[in-house]
Amino acid sequence: MKITLKVWRQQNANSKGQFKTYVADHVSSDMSFLEMLDVLNTSLIKKGEEPIHFDHDCREGICGMCSLYINGHPHGPQQTTTCQLHMRTFKDGETITVEPWRAKAFPVIKDLVVDRTAFDRIQQAGGYVTVNTGGVPDANEIPIPKKIADEAFDAAACIGCGACVAACKNASAMLFVSAKVSQLALLPQGHAERKERVEKMVAQMDAEGFGACTNTRACEAECPKAISVTNIARMNREYFSAMFSSYEVKVGGGGE
Amino acid sequence: MKWLIDLFTSTLGKKLMMALTGLFLISFLVIHCTINAMIFFNDGGETFSYWGHFMGTNPIIRTLEIGLVAGFLIHIIQGLLLWRANLAARPVKYSVSKAPANSTWYSRSMGLLGTLLLLFLILHTSHFWIPNRTNQFTQGEELPLYKMMFEVFSNPWIVFLYVIGCVSLFWHLLHGFASTFQSLGLNHLKYNGIISFVGTAFSIIVPLIFALMPIAVYFRWID
């Protein structure tokens with residue numbers, strides 16, 4: 001296969017970037033998209049040029065590190081992660097445009113690499129549960145209905161890649177935050193911090209500069225882990241009820 | 001009180017405000033559409049004028065009208081502020097975007113459709129509501145709205161603009177109606193189907209009845 005690539009090149013966070021065109025000859029249709037970029041980078045290095053920088057790690061579709069906006073879709077035309085996208089998805093002779101995630105909260109570090117630590121800060125704000133130290137608790141000590149466990153597991157499938165932000169016209173992080181809120185709000189283990197969690201995570205999400213939700217459902221359509229917008233409604237519920245009823249303590253004791 | 005300010009300045013709280021005012025405006029559409037549809041009785045405007053007089057003079061309705069104006073203002077101003085904030089969340093645009101593959105155009109164009117509706121609202125209130133209320137305050141009596149309708153809708157361009165307004169309302173409601181429930185957190189497999197059905201039916205029926213009014217007057221289907 002012969003592929004023409006239009007790739008976003010940007011020296012660093014402060015410099016102005018632009019598209020550069022590369023031609024990749026002899027691309028095997030069995031290659032993954034990242035392998036195709038590896039081969040292209042090897043030829044760039046041989047020519048003494050700066051290779052294209054992009055994020056990747058496990059290449060098994062589970063770490064959420066790869067993040068390319070390919071031909072107008074986060075992670076390309078299929079509902080997978082970029083690492084699980086193969087060149088057979090494209091036509092011979094096709095021109096492919098590769099851009100970084102575009103969001104104020106995800107500034108470009110270099111080329112196609114963006115800073116997604118905003119997600120980490122949202123998680124640190126409340127995306128955790130308190131656990132007892134000591135021995136491992138018995139597996140079935142806390143009864144959880146199968147349907148609830150499944151729903152929580154589906155939310156927990158979010159790998160935090162940021163495709164939802166990339167897909168959203170408002171660069172909104174609602175799908176990510178709602179998946180993290182839902183995963184813990186559904187389970188009894190998450191109930192101790194339930195209200196505080198959603199309050200803090202939403203506050204952090206807003207502080208990072210993500211947009212609001214217009215309910216276009218573009219995030220759900222592009223999410224490689226098929227996270228449902230049902231989670232966004234759940235987060236809205238959790239947030240409103242938390243804001244109206246979370247526990248406040250009077251200075252000097254007593255609460256209401 | 002800090003918590004209440006925090007709530008309504010958060011992105012979720014702003015959408016809560018949009019949803020609540022949106023549902024309130026939908027309830028207004030039901031009343032407005034029902035009363036105006038009285039012109040189709042074709043009784044020389046007798047039924048229409050009876051209810052028009054009631055809406056224009058009943059003290060409870062007049063008090064609620066203040067809430068209605070506030071509802072419109074909140075929905076419009078908050079909508080425009082959200083539109084600006086959402087644009088700012090993506091300072092650098094994509095060069096290639098395949099948005100039609102993942103979402104409907106009207107769900108992505110609520111700001112545009114809302115702006116068209118705002119322009120229509122300015123035109124529409126300057127035809128009927130503003131002159132009528134002004135006359136009520138200064139002269140103490142109502143204007144003959146039924147007669148005015150025939151004057152206004154004798155101009156084909158005005159009829160065309162009203163139909164454009166109704167088409168904008170259709171697309172705005174087609175996304176907006178169901179979207180309010182999602183923003184309020186009301187998403188449940190047992191009810192999603194009925195919300196979607198009622199939302200679609202409402203967005204077709206109400207703008208259609210509204211659009212038929214200037215058309216019916218222009219073509220003298222009623223007199």
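Note on naming: letters A, B, ... go to the chains in the order of the sequence lines (proteins, then strands), and numbering restarts at 1 for each one.
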Rounding to 0.5 Å, atoms SG (A/Cys213) and NZ (A/Lys169) come to a distance of 9.5 Å
Interatomic distance, SG@A/Cys66 vs CD1@A/Ile159, rounded to 0.5 Å, equals 7.0 Å
Expected output: side-chain [X] to main-chain [Y] donor-acceptor under 3.5 Å:
X: A/Arg102; Y: B/Tyr94; answer: no
X: B/His32; Y: B/Val30; answer: no
X: A/Ser245; Y: A/Ser241; answer: yes
X: A/Arg194; Y: A/Leu186; answer: no

Part of [X] within contact of chain B (heavy atom distance under 4.5 Å):
X: A/Thr214; value: both
X: A/Phe210; value: backbone
X: A/Cys168; value: backbone
X: A/Phe106; value: neither
X: A/Ala203; value: neither
X: A/Pro100; value: backbone
X: A/Val108; value: neither
X: A/Asp206; value: side chain
X: A/Met235; value: both

Give the member of [options] that has the highest number of heavy-atom pairs under 4.5 Å with chain B.
options: A/Phe244, A/Tyr239, A/Tyr69; answer: A/Tyr69
options: A/Asn170, A/Val229, A/Ile232; answer: A/Asn170
options: A/Ala233, A/Ala221, A/Gly211; answer: A/Ala233
options: A/Ala105, A/Ala242, A/Ala218; answer: A/Ala218
options: A/Pro77, A/Ala103, A/Ala167, A/Ala166; answer: A/Ala166
options: A/Asn71, A/Val202, A/Thr97, A/Ile70; answer: A/Asn71

Chain A contacts, top residue of [options] (heavy-atom pairs, under 4.5 Å):
options: B/Thr104, B/Asp6, B/Leu189; result: B/Asp6
options: B/Ser95, B/Ala85, B/Ala99; result: B/Ser95
options: B/His175, B/Met110, B/Lys93, B/His188; result: B/His175

Portion of [X] that has a non-hydrogen atom of chain A nearer than 4.5 angstrom:
X: B/Leu87; result: neither
X: B/Leu7; result: both
X: B/Lys14; result: neither
X: B/Ala178; result: neither

Assess whether a salt bridge exists between A/Glu248 and B/Lys2, defined as any Lys/Arg side-chain N lying under 4.0 Å from an Asp/Glu carboxylate O.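 Salt bridge absent between A/Glu248 and B/Lys2.
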Item checked: Residues A/Lys200, A/Glu193: salt bridge by 4.0 Å N-O rule -> no
Taking the inter-plane angle between the rings of B/His124 and B/Phe120 on a 0 to 90° scale, is it parallel (under 30°), tilted (30 to 60°) or perpendicular (over 60°)?
parallel
Between B/Phe177 and B/Phe202, how do the two ring planes meet: parallel, tilted or perpendicular, split at 30° and 60°? tilted
Discussion item. Tell me if the centroids of the rings in B/Phe72 and B/Phe28 come within less than 6.0 Å of each other.
Written reply: yes
- Assess the side chains of A/Glu222 and A/His75: does a donor N or O sit below 3.5 Å from an acceptor N or O? no
Side chains of A/Arg121 and A/Thr117: do they bring a donor and an acceptor to under 3.5 Å? yes
